[in-house]
2 protein chains.
Amino acid sequence: MPQNVPPAHPDRRADTRNDDSAEPRRRASRKSAGGITLRDVAQLAGVAPITASRALNTPSAVSPKVLQKVKEAVERTGYVPNLLAGGLASNKSRLVAVVVPTVIGPVFQEIVHTLTESLATAGYQVMLGQSGYENSREDALLEAIIGRRPDGVVLTGIMRSAEARKRLLASGIPVVETWDLTPTPIDMLVGFSHDDIGREVARYLHGAGRRVVAVVGGKDERSQRRMNAFAREATTLGMVAGEAPVAMHHVTAPTTLGQGRKGLADLLERQPAMDAIFCSSDLLALGVMIEAQSRGIRIPEQLAVVGFGDLEFSRDLQPQLTTVRIDGTGIGQRAARFIIDRAAGLEIDEPIVDVGFSIIKRQSA
Amino acid sequence: MPQNVPPAHPDRRADTRNDDSAEPRRRASRKSAGGITLRDVAQLAGVAPITASRALNTPSAVSPKVLQKVKEAVERTGYVPNLLAGGLASNKSRLVAVVVPTVIGPVFQEIVHTLTESLATAGYQVMLGQSGYENSREDALLEAIIGRRPDGVVLTGIMRSAEARKRLLASGIPVVETWDLTPTPIDMLVGFSHDDIGREVARYLHGAGRRVVAVVGGKDERSQRRMNAFAREATTLGMVAGEAPVAMHHVTAPTTLGQGRKGLADLLERQPAMDAIFCSSDLLALGVMIEAQSRGIRIPEQLAVVGFGDLEFSRDLQPQLTTVRIDGTGIGQRAARFIIDRAAGLEIDEPIVDVGFSIIKRQSA
DNA sequence: GTGAAAGCGCTAACAT
DNA sequence: ATGTTAGCGCTTTCAC
């Protein structure tokens, strides 16, 4: 005789169709999304919902037979777990917020790409936020992020207000700051020193025999730090014309090729003696090169050009561009690992990483 | 005043436990995230949770007095609504999945940027997905997306497998396809015709007096369509050398400047008579220009070059690059609007939009 | 290894 | 205008 199993998981929705004479009218059950739920899968597999859940999340915790049945049921129904519900119940959203000033421009592409890839592989999705170069809607963005209860936040290239800092800290969400070495990180950090870069580039040009340097640089804070460190070091090394300070041409971010062209034109007037230019992006450097070429200035003979970013095209320019390379992929991977490890409850022994940079020596300088 | 009343025991006698003592044995309550919840805010404001909810979501539905009190309570506690819970309850996640082949490269930047911006303004967040140019992990990606129950999906520049198509359709999530004009869209569509572009560019070059054309193009499907349409039209117009087909140099996506240089070198051998090249990206075009320059080939006198994408730098090149402009911002805005309107339950009268393109005539062709 | 109960934090539906 | 109730779909906790 077939054992009459009492309904292990009564269907509440079906309940509403029962006769309503015995009791005052039952409330209409609220409408569900109508999709397949874990309950449906479990029912089909003949197990309790929790068992189906375990079969999907910790397969080793159920018997092979059950695993098989559940898998079949999933297959048959096309069930896709509701991660909103799962996240609410488990307090793990498997979502990581990535904040960049903007995705326009080549600067943060590599890091966004790598984060998205690495995290996807580990079962996390990336939520994208753009902070702009102004601090305007930073609060709204922060609210949107915290509201999703992400398992981590990766901050790239932005200056956060003290208020924002406090709220993030208070939220308890793991935070990885990148693209800089701040003295007092909120939590974890993967970056490099903009000051060091400026200094090293100055030394490199000095070693290459350059005597009067100039700068085309973006106005954003980090670019400024590279440029100022460069100018200081250059001055120390005597790479200036007489008493004049290092000539600097400032442009607004995001930097463009056109700004590079204008930059050279401007600097040529202000400091005709210069024989080397440090640009705060490869795009600016390309602009400088194109402008130089159209004026018959030969690179590197008359003018050395150094870029920043090592964009994909830089090695194929004519002449090949000497530039500063940042390992965006490495930064992304480390940041992803930090978040994943933290979510797994692992200890992070060294939460601050300096990934450094390298000067890629090519023909232009 | 609302108390922490122990949950009223549901009238379930089906429970077969027979050792139930008179006193309800208290299980350890499951740990909560520990954060401030709506309940806390409501309590502080002296109202029911639902009233606090209304104060936040539909302020017009509550009295000014209550609104004020709730706002104060939010302020005091630093409460941030849990959107996971809200999404689960309301069946609206306020999340939009955006899928691009890759964020590397300039092609999809504008659209991702605009979508993120527009949707953020409307209170939606963007979840980023990268499909790669292969169809490999498309299924895993789809699962990750559907699992979040987004209010919309924007698909950009990808070929979806029939299986993926079916699942998306079945999920009931509003879908906006972009970057192409497919004959049978899943749902909504904002795109342009790659065939038309190829055709128009051929006509333009013909009108400019060019007689033998060639192509440097990416191997991805849409690039191919532009290139093939271009070659067909060029052949029709007689822009070929004798019986020879239009010379085509194929490169793998993402396209690079270096590939453009190699492309010109290759084409120069295969079709020395050519006087015009259509490139499937501005980066390729720049490569062609640089290679031409290093060989002493004058543009546009000896060789006309047309790009695709109208990157920011293209107008600042020497000579300025003639190219095809796609309004990525416009596409992003329309796609965002489609999703927002659909989420608001509005009718979409014309769910298929052809945003067209324009040939930006500059010096290179 | 499996399951019942009890929520996670919020909102829809109904009631006042 | 405000409150009560009952879930949304899942996982944690505890029990066997």
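Throughout, protein chains are lettered first and strands after them, A, B, ... in sequence-line order, and every chain is numbered starting at 1.
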For a side chain to side chain contact (heavy atoms under 4.5 Å, CB included) check, start with the C-alpha distance between A:Thr156 and A:Val99, then their side-chain angles and the critical distance, and finish with the verdict.
CA-CA 6 Å; A:Thr156 299; A:Val99 181; over 6 Å; no
Give the residues of residues 49-56 of chain B touching DNA chain D, defined as any heavy atom closer than 4.0 Å, sorted by residue number.
B:Ile50, B:Thr51, B:Arg54
Using whole Å, report how far CD1 of B:Ile36 lies from C1' of C:dG9.
13 Å
Please state how far atom CZ in B:Arg39 lies from atom C1' in C:dG9, giving the value in whole angstrom units.
9 Å
What residues 57-81 of chain A contributes to the DNA chain D interface at heavy-atom separation below 4.0 Å is A:Asn57, A:Tyr79, A:Pro81
A:Leu38 CG to D:dG9 P, in whole Å, measures 11 Å
Calculate the interatomic distance between B:Leu84 atom CG and C:dG7 atom C1'; express it in whole Å.
15 Å
Pairs where residues 51-62 of chain A contributes a residue and the test side chain to side chain donor-acceptor pair (under 3.5 Å) is met, not counting sequence neighbours
A:Ser53-A:Asn57
Under the rule for salt bridge (Lys or Arg N to Asp or Glu O under 4.0 Å), what residues qualify as partners of B:Arg94, not counting sequence neighbours?
none
Candidates C:dA4, C:dG9, D:dC10 - which lies nearest the side chain of B:Thr37:
C:dG9
To 10°, what angle do the rotation axes through the five end pairs on each side of the helix from C:dG1-D:dC16 to C:dT16-D:dA1 form?
20°
With sequence neighbours excluded, tell me which residues meet side chain to side chain contact (heavy atoms under 4.5 Å, CB included) with A:Leu56.
A:Leu38, A:Val70, A:Val74, A:Tyr79
Going by the rule side chain to side chain contact (heavy atoms under 4.5 Å, CB included), which residues pair with A:Glu143 if we only count those two or more places apart in sequence or in a different chain?
A:Arg167, B:Val80, B:Pro81
Partner residues of B:Pro351 under the side chain to side chain contact (heavy atoms under 4.5 Å, CB included) criterion, sequence neighbours left out:
B:Met188, B:Ile348
Check the distance between C:dG9's P and B:Gln43's CD and give it to me in whole angstrom.
14 Å
Rounded to the Å, how far apart are A:Leu88 CG and C:dG7 P?
14 Å
From CG of A:Asp40 over to P of D:dC8, roughly how many Å is that when rounded to an integer?
11 Å
Round to a whole Å and report the spacing from CG of A:Asn82 to P of C:dC8.
18 Å
Sub-3.5 Å donor-acceptor pair from the side chain of B:Glu177 to the main-chain atoms of B:Ile186, do we have one?
yes
With the side chain counted from C-beta on, respond yes when A:Val96 and A:Pro150 share a heavy-atom pair under 4.5 Å apart, and no when they do not.
no
Sequence neighbours excluded, which residues qualify as side chain to side chain contact (heavy atoms under 4.5 Å, CB included) partners of B:Ala343?
B:Tyr124
Per the salt bridge (charged side-chain N to carboxylate O under 4.0 Å, His left out) rule, what does the pair list look like for residues 113-126 of chain A, sequence neighbours excluded?
A:Glu117-B:Arg137
Hey, could you give me each pair passing salt bridge (charged side-chain N to carboxylate O under 4.0 Å, His left out) that has a residue in residues 333-351 of chain B? Not counting sequence neighbours.
B:Asp187-B:Arg342, B:Arg337-B:Asp341
